[in-house]
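Only this structure's heavy atoms are used, side chains among them; waters, hydrogens and symmetry mates stay out. Just so we're clear, the structure is a prediction, and the values are computed from it rather than from any experiment.
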Amino acid sequence: MTVLTHTGVRKSKTEKGDRRPQEAARAGGGVLDASQLRARLSNVPARPLSVEAVMDLEAEILWPEFGNEQPLEIDGVDPHRTQEYSLLAMLLSRSPDAATLKRVAKLSGDATPLGFAHLALAQAAATASAERVAREYFTLFIGVGRGELLPYGSYYLTGFLNERPLARLREDLRVYGIERTEGQVEPEDHAATRCEIMAGMAGSQFPITGIMQRRFFEKHLAPWIGRFFVELERAEAAEFYRAVGSLGRLFVETEAEAFMLPTRAEARNREET
């Protein structure tokens with residue numbers, strides 16, 4: 001899916017990290033309704049989410065290229081943020097094939113709203129077929145003429161495509177040394193690309209500080225992407241993607257709350273003063 005690369009840096013293959021696939025908490029092969037999922041979650045202790053099983057993909061599917069520069073301090077939660085953003089970017093950029101659905105069905109969660117969204121997405125993947133999801137993706141995002149939804153920042157902010165919000169995004173990406181890869185046809189304000197950019201920032205593929213991440217999120221995602229995920233949840237054609245919309249909405253809400261907290265550098269400056 002890689003649509004972006006860091007300019008002026010020698011490109012190299014990413015190394016695969018430690019992968020610990022986890023089985024999703026779901027009934028043996030059967031479909032769980034919401035009450036059953038909540039009942040199962042009530043006995044699950046709170047713990048970090050894991051999407052490692054889903055991210056156990058060939059390197060070139062997600063982030064095959066990265067620069068050698070290291071950003072300033074990366075918080076311990078950033079690997080989880082990277083995985084969440086990468087998962088959303090992958091599912092929004094194209095319809096998942098059978099192998100990807102099988103991996104998504106292994107998502108695990110905890111007794112938090114985001115954990116419940118993980119389990120709901122796992123359940124949706126476990127009961128979906130690649131062919132049905134491909135038709136759903138086409139209806140939602142492509143369509144005959146246009147899809148039910150237009151997942152572009154410019155559209156949500158102005159009502160039109162390729163407007164000033166896209167130009168401002170490109171200006172900021174140019175400053176960060178990030179550009180669209182050759183042959184990529186979707187503009188950079190596609191929801192999948194926004195998530196991929198954030199995954200690269202959180203995962204240090206781009207040499208971006210925590211403060212720069214926050215500014216990028218507040219300027220280029222917060223004003224519209226939450227509304228997009230809400231509409232995806234409610235879309236008439238959405239079945240599998242309804243769960244994707246719920247996960248995206250809750251994760252973006254979590255990000256917005258987290259970015260309101262001071263960064264480590266800001267906390268240190270306050271202590272020193």
Side-chain angles (χ1 to χ4, degrees), residues 1-4 21 24 26 31 51-64 82-109 117-153 155-156 161 180-181 183-200 221 224-252:
M1 174 197 61
T2 305
V3 298
L4 303 161
R26 61 181 185 273
V31 179
V51 295
E52 291 173 351
V54 183
M55 294 297 101
D56 188 17
L57 303 167
E58 290 299 322
E60 53 269 14
I61 292 180
L62 291 175
W63 286 100
T82 303
Q83 292 169 345
E84 294 283 4
Y85 275 121
S86 295
L87 174 61
L88 290 169
M90 177 176 62
L91 295 175
L92 293 173
S93 66
R94 64 188 183 279
S95 63
D97 58 18
T100 301
L101 285 173
K102 190 173 182 179
R103 291 188 176 100
V104 173
K106 295 180 180 179
L107 279 170
S108 60
H118 268 239
L119 288 181
L121 179 58
Q123 182 64 24
T127 58
S129 70
E131 294 77 12
R132 192 170 73 239
V133 174
R135 290 194 297 270
E136 179 183 341
Y137 184 92
F138 179 85
T139 303
L140 283 169
F141 304 120
I142 303 173
V144 178
R146 57 155 287 181
E148 185 176 346
L149 301 178
L150 292 173
Y152 304 96
Y155 178 78
Y156 274 86
L161 299 176
R180 188 167 53 172
T181 57
Q184 174 62 33
V185 297
E186 288 287 6
E188 296 89 331
D189 66 340
H190 191 286
T193 307
R194 299 289 177 101
C195 290
E196 186 179 9
I197 293 169
M198 288 301 299
L221 280 84
W224 70 276
I225 203 165
R227 285 188 288 138
F228 161 71
F229 282 124
V230 168
E231 291 190 5
L232 182 56
E233 279 186 283
R234 299 173 179 174
E236 183 179 349
E239 294 181 16
F240 170 79
Y241 274 92
R242 182 170 292 110
V244 177
S246 296
L247 176 61
R249 174 181 57 79
L250 288 166
F251 178 61
V252 168

Going through the distances and angles, do Asp189 and Trp224 end up as a side-chain contact (heavy atoms from CB on, under 4.5 Å)? CA-CA 11 Å; Asp189 66 340; Trp224 70 276; 5.6 Å; no

Can you check side-chain contact (heavy atoms from CB on, under 4.5 Å) on Leu232 and Leu140, steps first, answer last? CA-CA 8 Å; Leu232 182 56; Leu140 283 169; 4.0 Å; yes

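Between the CG atom in Leu101 and the NZ atom in Lys106 there is a gap of 12.5 Å [rounded to 0.5 Å]. Atom CZ in Arg227 sits 15.0 Å away from atom CZ in Arg249 (nearest 0.5 Å). Of the inter-residue distances, the one linking Ile197 atom CD1 with Glu188 atom CD reads 7.5 Å to the nearest 0.5 angstrom. To the nearest 0.5 Å, atoms CG (Leu92) and CZ (Arg194) are separated by 12.5 Å. Taking CD1 of Ile142 as the start and OG of Ser95 as the end, the distance is 8.0 Å to the nearest 0.5 Å. Distance check: Glu84 CD to Cys195 SG gives 10.5 Å after rounding to the nearest 0.5 Å.
Between Leu221 and Tyr85, the closest heavy-atom pair is CD2-CE2, 4.4 Å. Across Ala124 and Ala243, no two heavy atoms sit closer than the pair CB-CB, 4.1 Å. Closest approach of Ala128 to Val133, counting heavy atoms only: CB-CG2, 3.7 Å. Looking at every heavy atom in both residues, Ala89 comes nearest to Glu196 through CB-N, 3.7 Å. In plain terms, the two heavy atoms of Ala122 and Leu107 that are nearest each other are CB-O, 3.7 Å. Closest heavy-atom contact between Leu149 and Ala235: CD1-CB, 4.4 Å.
Surrounding CZ of Arg234 are at most 12 heavy atoms belonging to other residues, nucleotides or ligands under 6.0 Å away.
Using a 4.5 Å heavy-atom threshold, the side chains of Val104 and Leu121 count as touching.
Although no hydrogens or angles enter the test, the distance criterion places no donor-acceptor pair under 3.5 Å between the side chain of Glu239 and the main chain of Glu136.
In this structure, the ring of Phe240 has its center no less than 6.0 angstrom from the ring center of Tyr137. In this structure, Phe141 has its ring center closer than 6.0 angstrom to the ring center of Tyr241.
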